[in-house]
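What follows is a short report on a single structure.
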Amino acid sequence: MTLFDRLSRGCQLTVAFILMVCVPALADSDSDQGLEDKARAIHEQVLTLDTHIDIPANYATHEIDPGSETALQVDLPKMLEGGLDSGFFIVFVGQGPLTDEGYADAYDKAIAKFDAIDRQSLLYGHVIGLAKTPSDVDALAASGRLVAMIGLENGYSLGADIEHMLEFYDRGARYMSLTHMGNTQFGDSAGGPRGSPEPLHGGLSSLGHIFIAKMNYLGIMVDVSHAAKTTTMQAIKASKAPVIASHSALRKFRDIPRNISRKEMKAIARTGGVVQVVAFDAYLKENPAEKNAAIAEIYERMSLNSREAMYAATPDQWAELRRRIRALDETWPRANVAEFVDQIDYAVKVMGIDHVGIASDFGGGGGIDGWDGAHETFNVTLELVQRGYDQAEIAKIWGGNLLRVWRDVERVAAQLQADVTK
Ligand SMILES: [Zn+2]
């Protein structure tokens with residue numbers, strides 16, 4: 001079966017699914033039907049943009065073909081089926097030692113992810129194109145294609161070499177997070193499920209300052225998701241361009257260092273930036289202790305209870321891990337779309353409609369009840385419509401804000417480059 005057949009079959013299935021299943025299931029009254037029709041029209045009209053889609057290194061090989069239906073939460077048929085128009089595909093590298101060997105290894109792993117994203121564009125360029133500017137996004141979307149962009153998760157893979165940043169920029173990286181779950185050469189991390197690491201720099205390091213200046217100069221968005229609050233506040237101060245949180249939930253709902261506080265939200269908004277609220281169950285709400293114990297037991301049984309083992313896990317192991325954890329949801333329900341949109345509502349209340357966006361973290365632990373893959377993307381729009389957001393507001397939340405920030409970051413870069421040549 002050709003990709004075209006596969007993809008067009010996906011579309012037919014979507015239409016059949018909408019007509020046969022979704023409409024009768026969701027519409028128990030005329031007003032529900034009207035709301036759903038309205039949401040469908042809006043979902044068609046606006047550009048939906050997800051700022052965080054993780055991929056395995058063997059993405060777009062014979063092992064994982066994004067043009068077919070895969071076990072992943074995002075592949076091209078799922079994007080078409082759910083109307084997810086665009087997304088930042090992530091060059092993620094896990095944290096290792098801050099040594100030359102560690103940097104060299106991380107660099108190789110990052111290159112493997114860039115290669116994977118390139119393979120997707122090469123194989124399926126008629127379906128999805130790589131955007132390096134907001135104007136590219138507009139042009140690709142206007143041509144009816146899906147849009148891929150690239151975000152770098154964990155600047156660790158740059159090592160201490162500013163030349164690597166130039167290379168990553170050339171390959172399309174347009175946002176970069178300063179840390180992941182460990183402290184990096186650039187700054188202190190908020191940490192992970194096992195708590196926060198001891199601060200190494202007291203926030204942003206001197207190298208972090210230098211690299212932020214270079215990001216501003218090139219036009220790479222500074223991303224503070226996963227950073228310690230100290231790092232976030234210092235990065236906001238250091239950056240001459242708007243700052244983003246590419247995938248973060250809010251402390252108001254779950255008080256863990258990984259989540260964004262009200263103070264950080266306000267500071268990000270003041271830069272003109274955006275907080276992309278993430279559909280990640282464990283960040284959105286606290287699990288009961290019994291569920292956490294059951295999850296820990298699953299990790300133990302699958303020998304995935306160390307960071308090294310997690311990073312070395314195969315896609316099949318990830319899929320099995322997800323399946324087992326999902327089975328626990330029957331006893332202890334995970335966050336749903338309404339709870340996710342509660343956080344969007346709160347973010348809008350605190351920062352205003354111009355500073356809020358959406359991220360899934362699919363492939364990296366994201367997924368909630370009702371938005372557990374690109375194919376279910378419409379459910380988010382439906383919930384936004386049910387909350388009373390109009391089309392212009394939904395367009396902002398679903399990508400318009402992020403694209404505005406990106407344009408502003410490009411403008412600052414152009415100005416800084418012009419200043420140098422004066
Ligand atoms: Zn992440």
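Numbering of ligands and ligand atoms starts at 1, following listing order.
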Legend entry - Pair Asp136 + Arg174, salt bridge at N-O below 4.0 Å: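 No, no charged N to carboxylate O under 4.0 Å.
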Inset, instruction - Mind listing the closest non-hydrogen atom pair of Ala279 and Phe340 along with its distance? - result: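 Here Ala279 and Phe340 meet closest at N-CE1, 3.5 Å.
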Inset, instruction - Can you measure from CZ (Arg171) to CG (Asp118) and round to the nearest 0.5 angstrom? - result: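 Here the interatomic distance stands at 4.5 Å.
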Inset, instruction - Over 60° means perpendicular and under 30° means parallel, so classify the ring planes of Tyr107 and His164, tilted if in between. - result: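 Plane angle under 30°, so parallel.
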Inset, instruction - Measuring from the Zn ion (ligand 1), count protein N/O/S atoms under 2.8 Å, please. - result: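 Protein heteroatoms (N, O, S) closer than 2.8 Å to the Zn ion (ligand 1) number 3.
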Inset, instruction - Step through the shown structure and confirm whether more than 12 heavy atoms of other residues, nucleotides or ligands are within 6.0 Å of NZ on Lys38. - result: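 Counting other residues, nucleotides and ligands, NZ of Lys38 stays at 12 neighbours or fewer.
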Legend entry - Option among His52, Arg258, His180 that satisfies the side-chain contact (heavy atoms from CB on, under 4.5 Å) test with Ser225: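 When His52, Arg258, His180 are each tested with Ser225, the side-chain contact (heavy atoms from CB on, under 4.5 Å) holds only for Arg258.
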